[in-house]
Amino acid sequence: MRAAGDDSVTPPRRIVLDTDLGMGHPGTEIDDGLALALALADPGIRLELVTTVVGNADVDTCTRLSRQLLARLGRTDVPVVGGAAAPLRGGVGGREDGYRAPYAAPALVEHVRRSPGEITVVAIGPLTNVALALLLEPALARDVREIVVMGGVYLGHTHLAAMPGEHNIWCDPDAAAVVLGSGAPLRLVGLDITKQVRLSRDDATALAASGGDFGRFAGECTSAWIDAHGAALPGDPGEQDSCALHDALAVAAVTHPDLVTWTPAFVAVETAGRVARGVMVADLLRSADPPRPNCEIGTAVRADAVTALFLERISSL
Ligand code: RIB
Ligand code: CA
């Protein structure tokens with residue numbers, strides 16, 4: 001039997017990456033950039049479109065940095081389309097110099113419509129663009145191959161009162177509710193497992209010394225992010241000497257689903273929370289009369305194998 005993602009057997013998985021890429025913006029999460037690099041480095045993936053959303057940075061910054069990173073990786077052929085500047089509810093994002101059409105949501109709809117059953121959407125930022133696309137065209141839920149989401153925390157919470165739910169869902173819980181209710185095939189990787197997949201300071205140093213332009217940039221950004229994130233969470237010893245590869249796990253899960261244990265669940269999200277904004281509640285279907293599952297969630301991960309896969313793939317860039 002051959003491994004999932006073995007490009008000698010299966011055609012590459014065609015993906016759209018929906019991202020709030022902030023790698024290169026001082027003090028900002030770097031994992032979207034590492035996820036994008038992994039998508040390009042994985043021979044089992046064909047990255048066809050990048051769409052951007054407000055999250056780690058404002059959407060125009062995410063769009064600019066996505067283009068810069070693709071240029072650094074020699075892949076300016078991959079189109080980048082900017083998307084939502086604000087969540088569905090509760091904020092209107094500003095833009096200094098006018099419109100930025102085309103927009104991510106219609107671009108997503110159009111891309112999936114042209115190849116029904118073929119396109120996987122990997123959503124690694126707030127779900128605003130994906131929700132808007134589903135609201136524009138509900139048939140997207142039928143025609144998409146699957147949606148793989150980095151988002152949520154299912155078996156606990158963050159223990160941060162200001163953000164008890166995971167960041168992507170917390171940014172736009174209404175969008176998450178639209179996606180969960182859409183009927184699209186959904187797999188979600190949440191903090192329960194993404195926090196286990198880590199890059200250490202030694203990994204960062206090795207990346208920086210790896211010779212290539214991207215390796216140097218990625219290594220420097222990783223060291224800077226470990227410093228910044230550790231300083232922001234001084235009471236969390238687990239965040240002082242390494243950082244999580246949250247978004248890269250969502251990309252790895254496309255071609256290597258075997259690295260994660262998947263559990264069918266009915267997931268609901270708190271949209272009106274006073275203290276629980278963006279918290280996901282996962283029913284694991286253990287009752288005599290369980291609800292219909294609306295997704296699969298990752299409940300365990302072979303974390304070291306994911307990091308090893310990541311480093312091995314990235315070294316080819
Ligand atoms: O909670 C982790 C998620 O939010 C990731 O997508 C990361 O980029 C962050 O900002
Ligand atoms: Ca992200």
Side-chain angles (χ1 to χ4, degrees), residues 15-39 47 50-59 61-66 69 80 82-84 87 104 121-131 147-160 162-173 175-176 179 187-199 218 221-222 224-226 228-230 232-233 236 238-239 242-254 269 277-280 297-298 301 303 306 310:
I15 76 165
V16 175
L17 190 70
D18 187 64
T19 175
D20 57 340
L21 191 146
M23 189 182 193
H25 193 58
T28 304
E29 260 281 15
I30 57 166
D31 60 336
D32 294 77
L34 299 177
L36 184 146
L38 178 61
L47 178 60
V50 172
T51 51
T52 61
V53 60
V54 61
N56 285 323
D58 68 85
V59 69
T61 300
C62 295
T63 306
R64 178 174 52 78
L65 292 173
S66 296
L69 189 59
V80 179
V121 176
V122 183
I124 57 174
L127 287 166
T128 319
N129 286 337
V130 183
I147 304 175
V148 181
V149 174
M150 190 286 125
V153 50
Y154 302 98
L155 310 176
H157 62 83
T158 62
H159 304 284
L160 298 171
M163 194 175 66
E166 181 278 330
H167 175 262
N168 290 338
I169 307 300
W170 180 86
C171 283
D172 196 343
V179 175
R187 284 191 289 148
L188 300 105
V189 294
L191 296 181
D192 315 287
I193 58 170
T194 64
K195 284 184 74 168
Q196 296 176 39
V197 182
R198 320 267 325 163
L199 268 194
C221 289
T222 302
W225 174 242
I226 293 172
H229 195 52
L233 292 171
D236 189 343
E239 298 295 336
S242 64
C243 63
L245 280 172
H246 305 288
D247 292 341
L249 178 58
V251 171
V254 173
V269 56
R277 174 189 168 92
V279 166
M280 307 284 248
I297 56 173
V301 63
V306 178
F310 172 82

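In each ligand, atom 1 is the first atom listed, and ligand 1 is the first ligand listed. As the structure is a computational prediction, the values presented were derived from the model and not from experiment.
- No side-chain heavy atom of His167 sits under 4.5 Å from any side-chain heavy atom of His246.
- Atoms of ligand 1 lying under 4.0 Å from any heavy atom of Asn168, numbered from 1 in the order shown and given with element: 3 (C), 4 (O), 5 (C), 6 (O).
- Judged by distance alone, the side chain of Asp31 and the main-chain N or O of Asp247 form a donor-acceptor pair under 3.5 Å.
- A donor-acceptor pair under 3.5 Å is absent between the side-chain atoms of Asp172 and the main chain of Leu127, judged by distance alone.
- Closest to atom 6 (O) of ligand 1, if we only count protein heavy atoms, is Asp247 OD1, 2.6 Å.
- Ligand 1 places these atoms under 4.0 Å from at least one heavy atom of Met150: 2 (C), 3 (C), 5 (C), 6 (O).
- Closest to atom 8 (O) of ligand 1, if we only count protein heavy atoms, is Asp31 OD1, 2.6 Å.
- When OD1 of Asp32 and OD2 of Asp247 are joined through the Ca ion (ligand 2), the resulting angle is 70° to the nearest 10°.
- Remark: of the listed residues Val59, Leu65, Thr63, Leu65 is the sole one forming a side chain to side chain contact (heavy atoms under 4.5 Å, CB included) with Thr61.
- The atom of Asp20 that is an N, O or S and sits closest to the Ca ion (ligand 2) is OD1.
- In this structure, the side chain of Arg277 engages the main chain of Cys171 through a donor-acceptor pair within 3.5 Å.
- Considering Val153, Leu188, Ile297 in turn, Leu188 is the only one that fulfils the side chain to side chain contact (heavy atoms under 4.5 Å, CB included) rule with Met280.
- At a 4.0 Å cut-off, not a single heavy atom of Thr194 sits close enough to ligand 1 to count as contact.
- Of the candidates Glu166, His167, Met23, Glu166 brings a heavy atom nearest to atom 1 (O) of ligand 1.
- Between Ile124 and ligand 1, an N or O atom pair is found at a separation short of 3.5 Å.
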| Would His157 and Glu166 satisfy side chain to side chain contact (heavy atoms under 4.5 Å, CB included), going step by step from the backbone distance to the final call? | CA-CA 8 Å; His157 62 83; Glu166 181 278 330; over 6 Å; no

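- Below 4.0 Å from some heavy atom of Leu191 lie the following atoms of ligand 1, by number and element: 1 (O).
- Atoms of ligand 1 found under 4.0 Å from any heavy atom of Asp32 (numbered from 1 in listed order, with element): 8 (O).
- Panel note: side chain Asn129, backbone Ala104; no donor-acceptor pair is recorded below 3.5 Å.
- At a cut-off of 3.0 Å, Gly22 does not coordinate the Ca ion (ligand 2) through any N, O or S atom.
- Residues Ala84 and Thr128 share a closest heavy-atom pair of CB-CG2, 3.5 Å.
- From the protein, the heavy atom lying nearest to atom 10 (O) of ligand 1 is Asn56 OD1, 2.4 Å.
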